[in-house]
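Taking it in order: structure first as structure tokens, then the write-up.
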Amino acid sequence: MALQKLSHSFTKIGYKPLQTTVRNILYSLSFSLFCICYTTAQEFDKTTKKPIQSPKDSITLPKKDVEPKTELLENEKDQDTVKKDSVVEPPQLLTDKVTYKSKDYMRLSRRENKMYLYNEAEIIYGEMQINAGLIIVDNSKNEVYAYGIKDSVGDYTQTPVFKQAQNVVEPDSIRFNFDTEKALIYNSRTKQGEMNVKGEVSKRVNDSVIYMSNVKFTTAEDVDNADYYFYARRIKLVPKKKIVTGLVNMFIADVPTPLGLPFGYFPLQEKRTSGFIIPSYGEENNRGYFLQNGGYYFALSDYADLTVTGDYYTNGSYTLLAETSYAVRYKYRGNLRFRFENNLTSERGFPDFAQRTTYNIQWTHSQDAKSNPNSRFSASVNFGSSDFFQQSTNQLNTGNFLNNQLSSSISYSKTFQGDPQVNLNVAANHNSNTNTQEVNLSLPNVNASVSRIFPFAPKVGVKKGIIQNINTQYNFRGENRITTNDDDLFTGDMFNDARIGMQHSIPISTNFKIFKYLSATMGTSFQENWVFETIEQSYDPDANDGAGEVVRDTIAGFDAFRTYNFSTSLGTTIYGTFNFKKDKKIQAIRHTMRPSVSYSINPAFDQFYDEYTITDNPATLDINEEEVVEYSRFEGGFFGAPSNTFSSSIGFSLSNNLEAKVRSKDTTDLEPKKVVLLNNLNFRTAYNIAGDSLQLSPLSITGNIPIVQNKLDINFSAELDPYALDNNNRKIDVWNIDNGGSLFRLTRASANFGYSFSSKDFEKGKTNEDPLTNQTFQNGGRPDNLFGGGTDFREEQSYRQNNKDTEKKDVKNYNYKIPWSLRLSYTVNYSNNARQNEISSHSIMFSGDVELAPKWTVGVSSGYDLKNPGFTFTNLRFQRDLDSWNMSFNWIPFSERTSWNFFIGISSSVLSDIKYDKRREPDRQL
């Protein structure tokens with residue numbers, strides 16, 4: 001439509017011969033090329049038919065473009081001295097197509113040789129695009145000017161937007177030259193990575209270099225009203241690469257600070273690049289002055305990186321940390337972290353001098369399930385010194401400090417498709433107790449199985465009956481188990497007590513229906529256990545200075561024992577429904593019961609037992625009295641000893657569920673809402689037919705009571721014993737009711753629950769998101785902060801930045817209510833198996849956060865021991881969001897981990913080294 005208007009305007013002013021030519025030029029070269037041709041169009045002398053040259057015109061128009069499309073007389077042809085080939089076509093001034101548009105009007109001024117585009121104007125030339133309220137094209141200079149315009153209320157709007165490739169600049173005005181492709185930009189605003197840059201005057205030299213004067217650059221969102229910025233008189237900007245400045249000074253709230261540099265270099269690369277990591281400094285009472293977390297970052301490739309940092313203290317303590325992350329899309333990803341610490345206390349030669357070296361290895365590896373469906377490799381490793389988290393410097397991980405178990409697992413699994421299918425799993429497992437410093441290793445640990453087969457099942461159709469449902473499978477487990485301690489770890493002594501065992505098992509089972517409503521199962525299992533050392537026992541009356549003792553000799557060599565058993569069960573499901581009137585709130589209650597009776601028999605394997613005789617032991621026996629002791633050579637071995645006692649028992653269990661149908665408050669709901677009143681109330685006991693005494697097992701009760709649907713459940717358990725106790729609090733074969741007591745003795749009970757709620761639960765139309773699903777913590781600990789948060793000072797800044805990016809708040813819409821959240825965990829245990837009648841443990845843990853103001857948050861994690869009154873481990877948190885900055889204060893007010901940490905720094909990772917970090921680390925006793 002715009003092109004038709006332009007063509008029509010030429011016709012009206014008397015340039016009809018050029019109408020077709022202009023239209024073709026516009027369609028082929030766009031408006032800028034047309035403007036050039038338009039300004040060079042000439043008038044012809046009526047007699048000579050030669051063009052009349054304009055004094056302002058410096059470009060000769062090609063003859064083929066201006067020759068009138070009329071027939072010339074023969075004598076006029078002879079008078080024409082200009083040959084058709086004598087005019088050389090000038091070179092193209094534009095190298096790409098130019099497109100343009102505007103909303104209100106496009107005006108051509110022949111006198112000024114300019115074109116005006118007004119209101120939502122746009123010009124696109126190659127990769128360059130300019131949007132503005134007013135765009136002026138000067139054809140004589142081949143330049144474009146772009147400005148904003150004033151709206152109806154006088155505000156300056158539609159300021160120019162200059163785009164080239166991925167670079168975007170938003171200035172007040174622009175001057176751009178098509179020939180040189182250089183530009184002058186006034187009051188430009190651009191974003192380079194996380195850095196916002198505003199320059200008073202910018203000169204764009206080419207696609208990769210921009211010179212700017214009187215420049216502010218900051219990571220704040222609003223560069224015009226930044227809470228802080230760096231000011232430089234001159235800078236060189238290489239988009240997406242770097243900013244190089246002369247004298248630079250830091251301003252906070254438009255107030256200059258003493259922080260300045262004679263020159264500055266700010267990287268802007270979007271890809272990872274190698275570089276130094278600036279350390280932080282401070283002082284500690286026991287180790288002196290220090291430099292922490294200084295090192296180098298290696299951008300190895302697009303798939304992996306490496307960070308090497310360290311700490312050094314003036315008393316000689318030091319720490320080394322190496323961490324790498326790797327990832328290959330659609331295949332695998334992982335993270336490997338190694339930390340070594342050499343901790344010294346006091347000075348060498350002093351009586352209180354102590355030295356302790358600790359280390360920790362953490363490795364996580366996960367494989368994409370689609371990369372290889374038939375094989376999978378995974379790793380989750382947390383391995384190192386038992387006291388690493390107690391003695392570690394430069395980090396406070398409360399969760400790992402309170403946890404006394406470290407565990408690791410590395411596994412590879414392979415599935416061999418076929419009928420039957422074969423599964424193989426090879427793993428290495430580790431578990432260590434940080435209190436006892438005992439380390440248990442299982443490497444390798446091999447498990448193999450053949451999938452379940454039905455030898456009598458029909459080839460087509462459903463399996464029916466006891467015979468067709470018979471199934472069996474094969475399982476194999478082989479393990480090399482090592483038990484050692486921190487001192488012997490990675491030495492030859494750790495293999496002295498290594499034990500190897502292998503187990504083969506073949507279970508056979510079937511299931512069928514009885515009288516249509518009863519479900520029956522039957523099964524037997526055969527196990528063969530292989531060991532490679534046994535223990536022979538004998539009695540030596542002359543040992544121990546004549547007092548006599550049992551001598552145990554370890555016999556190396558292959559040995560095996562075999563066991564088998566049989567079991568069967570019968571169960572059904574009974575439903576009972578109580579209906580009420582439809583107008584009642586509770587319309588129905590349904591009780592579901594699942595009774596079950598089972599029988600099991602375990603033979604006695606006496607063939608694997610031997611005897612030795614104790615004689616003439618004056619410490620325990622009279623003279624010439626003998627005692628025969630029965631033992632198995634497999635006792636204390638890898639799988640233990642098989643039972644030499646015949647057992648035949650009947651088990652009873654009853655499971656209960658209680659549900660109600662409640663009329664919904666929403667009148668549009670057609671169906672009532674189902675509410676669970678009691679969930680899995682289970683009763684279990686057993687009767688030993690082959691036993692001589694104490695044949696009835698204690699009655700075990702477990703259950704779950706939903707209080708708030710999907711939010712609060714109370715779990716409880718209890719144990720009731722029908723037998724009485726004697727005067728020494730030992731259980732005897734007498735019913736408790738016959739001994740003057742009740743039918744059962746309550747010997748054990750427990751109850752616990754966990755609940756999370758917040759202010760959102762009390763707002764209509766809003767749901768509370770579980771905070772456990774929105775937090776990610778490294779290096780262990782609990783995600784609900786019940787035991788306090790995990791803090792690695794080296795990575796603390798990145799944690800804050802990630803949380804800030806995902807939890808930005810709209811301050812303008814703040815409703816002045818105080819948002820809060822609270823997480824509770826309650827546990828109580830009761831013991832009375834020997835008439836102690838006491839609460840063995842009783843505690844409540846809590847963690848909460850209160851947002852006092854839109855950017856102020858206060859949190860606490862603590863607990864209270866109700867049995868031994870007193871607060872448990874307590875952690876207080878104070879956080880302030882300063883827009884471009886973060887400020888936090890963490891405080892552990894008491895316990896052996898008493899410490900505090902104050903931090904204030906820029907949120908952006910680009911300037912994360914600009915910070916103030918002061919802390920008092922907990923005192924550690926080596």
Side-chain angles (χ1 to χ4, degrees), residues 162 167-172 182-281 291 293-297 797-798 800-801 804 882-887 903-918:
F162 180 87
N167 300 320
V168 180
V169 181
E170 298 181 7
D172 290 341
K182 296 181 180 180
L184 283 178
I185 304 171
Y186 300 91
N187 290 330
S188 65
R189 299 167 185 83
T190 181
K191 187 175 182 64
Q192 298 292 327
E194 296 183 41
M195 195 78 72
N196 291 303
V197 183
K198 178 182 179 181
E200 185 175 309
V201 179
S202 303
K203 181 179 180 181
R204 177 189 172 277
V205 178
N206 50 47
D207 292 346
S208 58
V209 177
I210 300 175
Y211 293 98
M212 307 177 73
S213 63
N214 298 329
V215 185
K216 298 178 181 179
F217 49 96
T218 177
T219 57
E221 292 294 332
D222 187 359
V223 68
D224 293 315
N225 300 290
D227 47 7
Y228 88 98
Y229 58 86
F230 293 91
Y231 175 79
R233 288 184 174 86
R234 294 179 178 86
I235 73 168
K236 176 182 178 180
L237 170 63
V238 180
K240 298 185 179 180
K241 290 187 178 181
K242 60 187 175 181
I243 295 177
V244 182
T245 74
L247 179 63
V248 60
N249 188 221
M250 184 177 183
F251 283 67
I252 298 179
D254 289 327
V255 177
T257 67
L259 299 177
L261 294 172
F263 62 90
Y265 177 87
F266 300 86
L268 299 176
Q269 296 189 10
E270 295 182 351
K271 295 184 177 180
R272 297 176 300 177
T273 57
S274 301
F276 288 97
I277 300 174
I278 307 300
S280 59
Y281 65 92
L291 291 175
N293 303 322
Y296 198 84
Y297 175 80
Q797 181 65 28
S798 62
R800 292 192 180 98
Q801 177 63 21
K804 183 176 180 181
L882 299 172
D883 293 332
S884 303
W885 297 68
N886 268 320
M887 183 177 68
F903 173 90
I904 183 171
I906 295 179
S907 304
S908 173
S909 59
V910 176
L911 301 176
S912 59
D913 291 326
I914 302 177
K915 62 183 179 180
Y916 176 77
D917 190 357
K918 184 67 176 178

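These figures come from a predicted structure and were not determined experimentally.
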Separation between [atom1] of [X] and [atom2] of [Y], rounded to the nearest 0.5 Å:
X	Y	atom1	atom2	result
S202	L237	OG	CG	8.0 Å
N187	N214	CG	CG	10.0 Å
N886	I904	CG	CD1	9.0 Å
Y186	D172	OH	CG	11.5 Å
E194	E221	CD	CD	10.0 Å

Check your understanding: Do T190 and E170 touch side chain to side chain, with heavy atoms closer than 4.5 Å?
Key -> no

Exercise for review: Taking all non-hydrogen atoms of both residues into account, name the closest pair between L882 and D227 and its distance.
Suggested key: O-OD2, 3.1 Å

Practice item. Locate the shortest heavy-atom distance separating A220 from Y228; write the atom from each residue and the value. Key: N-CE2, 4.4 Å

Check your understanding: With sequence neighbours excluded, what pairs up with K216 under the salt bridge (charged side-chain N to carboxylate O under 4.0 Å, His left out) test?
Key -> none

Point to revise | F263 atom CZ, over 12 foreign heavy atoms within 6.0 Å | key: no

Check your understanding: Quick check: are there more than 12 heavy atoms from other residues, nucleotides or ligands sitting under 6.0 Å from NZ of K191?
Key -> yes

Review point. Relative to the ring of F217, is the ring of F230 parallel (under 30°), tilted (30 to 60°) or perpendicular (over 60°)?
Key: parallel

Applying side-chain contact (heavy atoms from CB on, under 4.5 Å), name anything that partners [X], two or more places apart in sequence or on another chain.
X	value
N225	D222
L291	P279, Y281
F276	Y296

Review point. When S188 is tested against each of M212, E200, R204 for side-chain contact (heavy atoms from CB on, under 4.5 Å), which residue passes?
Key: M212

Exercise for review: Would you check, one step at a time, whether the test side-chain contact (heavy atoms from CB on, under 4.5 Å) holds for T218 with V223?
Suggested key: CA-CA 7 Å; T218 177; V223 68; 4.1 Å; yes

**Study point:** salt bridge (charged side-chain N to carboxylate O under 4.0 Å, His left out) contacts in which one or both residues fall within residues 228-239, not counting sequence neighbours
**Key:** none

Which pairs would a plain distance check flag for residues 241-255, meaning a side-chain donor or acceptor within less than 3.5 Å of a matching protein atom at least two apart in sequence or in another chain?
{"unit_1": "T245", "atom_1": "OG1", "unit_2": "G264", "atom_2": "N", "d": "3.1"}
{"unit_1": "N249", "atom_1": "ND2", "unit_2": "T257", "atom_2": "O", "d": "2.9"}
{"unit_1": "N249", "atom_1": "ND2", "unit_2": "L259", "atom_2": "O", "d": "2.8"}
{"unit_1": "D254", "atom_1": "OD1", "unit_2": "Y229", "atom_2": "OH", "d": "3.1"}

